[in-house]
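The block underneath contains the structure these notes are about, expressed in structure tokens.
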2 protein chains.
Amino acid sequence: MPRPSEPTRERIIQAANSLFYSEGIRRVSVDEIAAKAGLTKRTLYYHFKSKDDLVAAYLSARDQPNLALFRKWFAEAEGGLPVKVEAIFKNLARSARHPKWKGCGFLRTSAELANMPGHPAIRIGAAHKKKFEDWLRTTFAEQGIADPLKLARQILLLLDGSFAVVLLHRDASYMETAGEAARTLIETALGKPRRKQG
Amino acid sequence: MPRPSEPTRERIIQAANSLFYSEGIRRVSVDEIAAKAGLTKRTLYYHFKSKDDLVAAYLSARDQPNLALFRKWFAEAEGGLPVKVEAIFKNLARSARHPKWKGCGFLRTSAELANMPGHPAIRIGAAHKKKFEDWLRTTFAEQGIADPLKLARQILLLLDGSFAVVLLHRDASYMETAGEAARTLIETALGKPRRKQG
DNA sequence: TTGTGTATATTCACTGGTTAGTATACATAC
DNA sequence: GTATGTATACTAACCAGTGAATATACACAA
């Protein structure tokens with residue numbers, strides 16, 4: 001049965017997404033992904049030239065939706081810059097309490113493939129995080145922050161740190177702690193009246 | 001040739017440490033570890049009951065030396081609390097610039113085994129990070145910080161975030177950025193005169 | 001309207017290699 | 001002569017990737 005093709009490719013990526021995210025890259029076989037997508041391995045290899053290619057496609061598919069979600073959380077929060085950034089962490093904490101949550105797919109892939117520095121999937125992950133950093137930097141610059149790049153990187157460090165720590169301890173409250181730290185850093189950069197954090 | 005035994009077990013752990021850290025858990029076979037340790041797989045299985053057991057031993061062996069190193073960097077730095085904590089990040093940045101550096105073994109293992117939440121290695125990693133958090137908390141409490149646990153967790157988030165980010169981008173300067181953020185947070189908690197960070 | 005060629009899409013069956021773990025035997029020390 | 005420790009050789013499963021064949025849709029010719 002020919003002629004689905006685009007939907008087929010999409011189905012494969014969805015299956016890969018589900019399995020790679022929940023089980024890890026090297027743990028999941030191409031056969032498993034094909035089975036989950038409801039087709040044979042040989043068909044999968046018609047659409048993707050290798051497993052590595054599929055891993056890259058898996059992360060590419062997560063790029064835009066992920067960024068859009070962060071921007072949405074930021075936009076929806078009512079208040080100043082510190083409040084809006086903190087809202088990202090609060091929403092992330094809510095996500096992290098779902099049982100199927102398993103951290104950040106980009107970071108977990110880069111950790112698992114750390115022995116292959118040039119792997120396409122790692123480049124895609126790095127580009128994704130850079131996009132987020134750029135968005136933060138631009139946003140901070142518009143608000144008159146003196147060193148917007150530095151602040152953007154500090155927030156990113158807290159964000160990725162909370163992915164790692166919450167995954168290890170399975171305790172989403174660390175994300176709220178990260179949000180408070182982010183607020184303190186932003187307020188300091190804004191030159192707001194000092195307050196003991198809390 | 002019998003009777004080495006303790007040294008043999010140690011040699012196996014050293015081989016596992018070297019291979020698991022640089023290549024990842026699932027990528028490395030038990031055969032490879034045995035070969036690197038200079039013995040057969042059957043001998044390895046005399047000393048460890050399974051690969052999972054060996055993975056746990058690998059992380060256990062990293063626990064104390066790792067903590068000792070952080071304490072040493074902290075103790076050796078001359079200055080107040082913010083300077084001493086920032087020194088940890090500066091030393092870490094130096095380590096991260098070495099070509100064989102591949103992030104934090106505990107975090108990378110927890111990322112790779114995220115689909116096995118009860119795995120012994122993950123529990124060992126969580127305990128390791130808790131020990132570090134406790135040490136920071138105690139240190140901060142001794143310095144009269146109002147909420148030492150919160151500050152300890154914030155520093156830990158920056159630390160683990162820098163492991164993740166530097167591994168992804170292969171840019172150790174993020175660790176110095178994390179150190180500056182840590183300094184800002186500590187100064188805020190101490191109630192020091194406000195300063196735009198930098 | 002009907003026949004036919006071709007690119008697209010899919011399947012079955014296979015290969016060569018790897019892997020965690022084990023059954024059995026052997027060697028050494030005390 | 002028994003505990004301990006090591007090696008040889010094996011199993012049963014898994015896995016990334018491929019060779020060869022086949023089925024469909026569609027363009028175009030008759």
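Proteins get letters first, then strands, A, B, ... in listed order; numbering begins at 1 in each. Please read all numbers here as calculations on a predicted model, not as lab measurements.
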* D:dC15 C1' sits how many Å from A:Leu54 CG, rounded? -> 15 Å

* State which residues pass salt bridge (charged side-chain N to carboxylate O under 4.0 Å, His left out) with B:Arg123; sequence neighbours excluded, sorted by chain then number. => none

* To do: For C:dA9, take OP1 and OP2 only and decide whether either is under 4.0 Å from a side-chain N or O of A:Thr8.
  => no

Write out a two-atom table: protein N or O, nucleotide N or O from nucleotides 8-13 of chain D, distance below 3.5 Å.
none

* Atom OH of B:Tyr45 to atom C1' of D:dA7: distance rounded to whole Å? -> 16 Å

* To do: Tell me the partner of D:dT4, counting only Watson-Crick (N1-N3 plus N6-O4 or O6-N4) or G-U wobble (N1-O2 and O6-N3) with both under 3.5 Å; none if nothing fits.
  => C:dA27

* To do: Can you tell me the distance, in whole Å, between the CG atom of A:Leu44 and the C1' atom of C:dT10?
  => 12 Å

* Structure fact -> By the Watson-Crick or G-U definition, both distances under 3.5 Å, D:dC15 is matched with C:dG16

* Structure fact -> Sorted by number, residues from residues 26-35 of chain B placing a heavy atom under 4.0 Å from DNA chain D are none

* **Between D:dC15 (P) and A:Asp52 (CG): distance, integer Å** => 16 Å

* To do: Using only side-chain N and O atoms of B:Ser50, determine if any of them is under 4.0 Å from OP1 or OP2 of C:dA20.
  => no

* To do: May I have the distance from A:His47 (atom NE2) to C:dT11 (atom C1'), rounded to whole angstrom?
  => 12 Å

* Rounded distance (Å) that lies between atom C1' of D:dA16 and atom NZ of A:Lys49 -> 14 Å

* **Residues forming a salt bridge (charged side-chain N to carboxylate O under 4.0 Å, His left out) with B:Lys90, sequence neighbours excluded** => none

* To do: Tell me, please, which residues at least two apart from A:Ser22 pass side-chain contact (heavy atoms from CB on, under 4.5 Å).
  => A:Lys102

* Starting from P on D:dA7, measure out to CG on B:Leu39 and report it in whole angstrom. => 6 Å

* Side chain to side chain, A:Leu113 and A:Arg26, heavy atoms closer than 4.5 Å -> yes

* Which pairs, with at least one residue in residues 94-123 of chain B and sequence neighbours excluded, count as a ring-ring contact (aromatic ring centres under 6.0 Å, His included)? -> B:Phe106-B:His128

* Apply salt bridge (charged side-chain N to carboxylate O under 4.0 Å, His left out) to A:Arg62 and list each qualifying residue two or more places apart in sequence or on a separate chain. => none

Check: residues 136-145 of chain B side-chain donor-acceptor pairs under 3.5 Å, at least two apart:
residue  : atom : partner  : partner atom : Å
B:Thr138 : OG1  : B:Asp134 : O            : 2.8
B:Thr139 : OG1  : B:Trp135 : O            : 2.7

* Asked: Sequence neighbours excluded, which residues qualify as salt bridge (charged side-chain N to carboxylate O under 4.0 Å, His left out) partners of A:Lys51?
  -> none

* Calculate the interatomic distance between B:Tyr46 atom OH and D:dT6 atom P; express it in whole Å. => 8 Å

* To do: Provide the closest heavy-atom pair for A:Ile122 versus A:Pro117 in the form atom of the first, atom of the second, distance.
  => CG2-O, 4.1 Å

